[in-house]
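FYI, side chains are in, hydrogens and waters are out, and symmetry mates aren't considered; it's all heavy atoms of this structure. To find a chain, count down the sequence lines: A is the first, B the second, and so on, and within it residues start at 1.
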Protein chains: 2
Amino acid sequence: MNTRTALLDSAERAARQRGYDGFSYADLASDIGIRKASIHHHFPKKADLARELIDRYATRFADQLSEIAAAEPNAAAKLRAYHGLYRDALGAGTQLCLCVAFSAGRDSLTEPVLDQLNTFHARSTAWLSLVFEEGAVDGSVANLTDAADDARATLALMEGAQLLARAAVDLSLFDQATAAFLCRLSPSQMH
Amino acid sequence: MNTRTALLDSAERAARQRGYDGFSYADLASDIGIRKASIHHHFPKKADLARELIDRYATRFADQLSEIAAAEPNAAAKLRAYHGLYRDALGAGTQLCLCVAFSAGRDSLTEPVLDQLNTFHARSTAWLSLVFEEGAVDGSVANLTDAADDARATLALMEGAQLLARAAVDLSLFDQATAAFLCRLSPSQMH
DNA sequence: GTCTATAATGGGATAGAC
DNA sequence: GTCTATCCCATTATAGAC
């Protein structure tokens, strides 16, 4: 694998576990086995690395949302899959979604990174809004209010549930915090 | 005011705006007008300061919950007041509740501080559980599931909504994310 | 593209005078 | 209780050889 990708992978793992301020070029260097000065050849400033990190993450997440939209038959199934993304991102309860990790440390981020972060939130909200509108039509989601509000509430719930679970390093807290949300979704049909 | 309290106040403001790693003794020193070496007289290590910070915060929060429990007539009113605490804590959209700020940067925290953080979460959840059980009796809260799950979901929603609002420095995002939650609460009576 | 070497800065922390 | 002075270390970043 090329060094650049190895660096991005290492940095993403580190950022999601310890936050943006919680990892240094020295950490990445010892992780992938080069000297820290060499990293500056690929990412001159740490802000450049952060930028690429969030870009790559946003792209990957958007692709996953597209796949879900294409693969799942109704709104409830799409929301279950969305919930699964956030649950999987927790790993063993030690890491967060990159965008939660970055939201938390937002004061050390540069403008372009912050912009990407808010774009990520906006896109997620837009995608969820469409799903909730679909839910109003197909009847697979209970207790609907306003689609945009439901979307923001869902995003907030996932991010908050990750925070709770990670604070205690206990995945079951994520499940408890999101249990009521899953209850609103009609069960998938048998084949 | 005594120096010790001034330091705690300054540190709390800083931590809620920039996180635990985001402020230094130098920041506090210039903020309250002493030299940074003097701070070590009051708090030998930064971890000591963090400990006192979270202790004080947890105590204050518990008192507020007691007041709410005593003052509000039913479950819906108590939850509205609880929601108000988190909304107020956001200020102009630039700061978080201390415990969200600490949850985010958890990897630089020491064991006693982490313990206090989880105790805080546990107490909040316990208080909310009782309120949701009251709601099941007085009928003032809609769409109830399991009281403990509803409690964790509520805590996660508040923390996540704060994160969303702070990322964009936009209080209205908190309101949108929590709008559906408020809708579940029956309106207060006229007098 | 990676290395050694070296800034330059800022962090937490301590000793000892006043 | 606060000060000056200092230490030690980690961090981001750069220069220039290979």
Which of parallel (below 30°), tilted (30 to 60°) and perpendicular (above 60°) describes B/Tyr20 and B/Phe102?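 Geometry flag for B/Phe102 against B/Tyr20: perpendicular rings.
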Parallel, tilted or perpendicular: rings of B/Tyr82 and B/Trp127 (30°, 60°):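 Parallel: the ring planes of B/Trp127 and B/Tyr82 meet at under 30°.
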Range on DNA chain D touched by chain A - first to last nucleotide, heavy-atom distance under 4.0 Å: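 Contact boundaries, 5' end first: D/dT11 to D/dT14.
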Hydrogens and angles aside, do B/His42 and B/Thr3 bring a side-chain donor and acceptor to less than 3.5 Å of each other?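 Side chains of B/His42 and B/Thr3: no pair found under 3.5 Å.
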Indicate whether the side chain of A/Thr5 and that of A/Asn2 have a donor and an acceptor atom separated by less than 3.5 Å.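 A pair is found: one side chain offers a donor N or O, the other an acceptor, under 3.5 Å apart.
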So which of B/Arg56, B/Arg4, B/Arg16 actually passes salt bridge (charged side-chain N to carboxylate O under 4.0 Å, His left out) with B/Asp9?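 So the option named by the test is B/Arg56.
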With a cut-off of 3.5 Å and sequence neighbours excluded, list every side-chain donor-acceptor pair involving residues 159-168 of chain A.
from     : atom 1 : to       : atom 2 : distance (Å)
A/Glu159 : OE2    : A/His121 : NE2    : 3.1
A/Gln162 : OE1    : A/Cys97  : N      : 2.9
A/Gln162 : NE2    : A/Tyr86  : O      : 2.9
A/Arg166 : NH1    : A/Gln17  : O      : 2.9
A/Arg166 : NH2    : B/Ser103 : O      : 3.1
A/Arg166 : NH2    : B/Ala104 : O      : 2.9

Under 4.0 Å protein heavy-atom contacts per nucleotide of nucleotides 9-14 of chain C, with B for base, S for backbone only and - for none: --SBBB
Do the charged groups of B/Arg60 and B/Glu12 touch, with an N to O distance under 4.0 Å?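 B/Glu12 and B/Arg60: salt-bridged.
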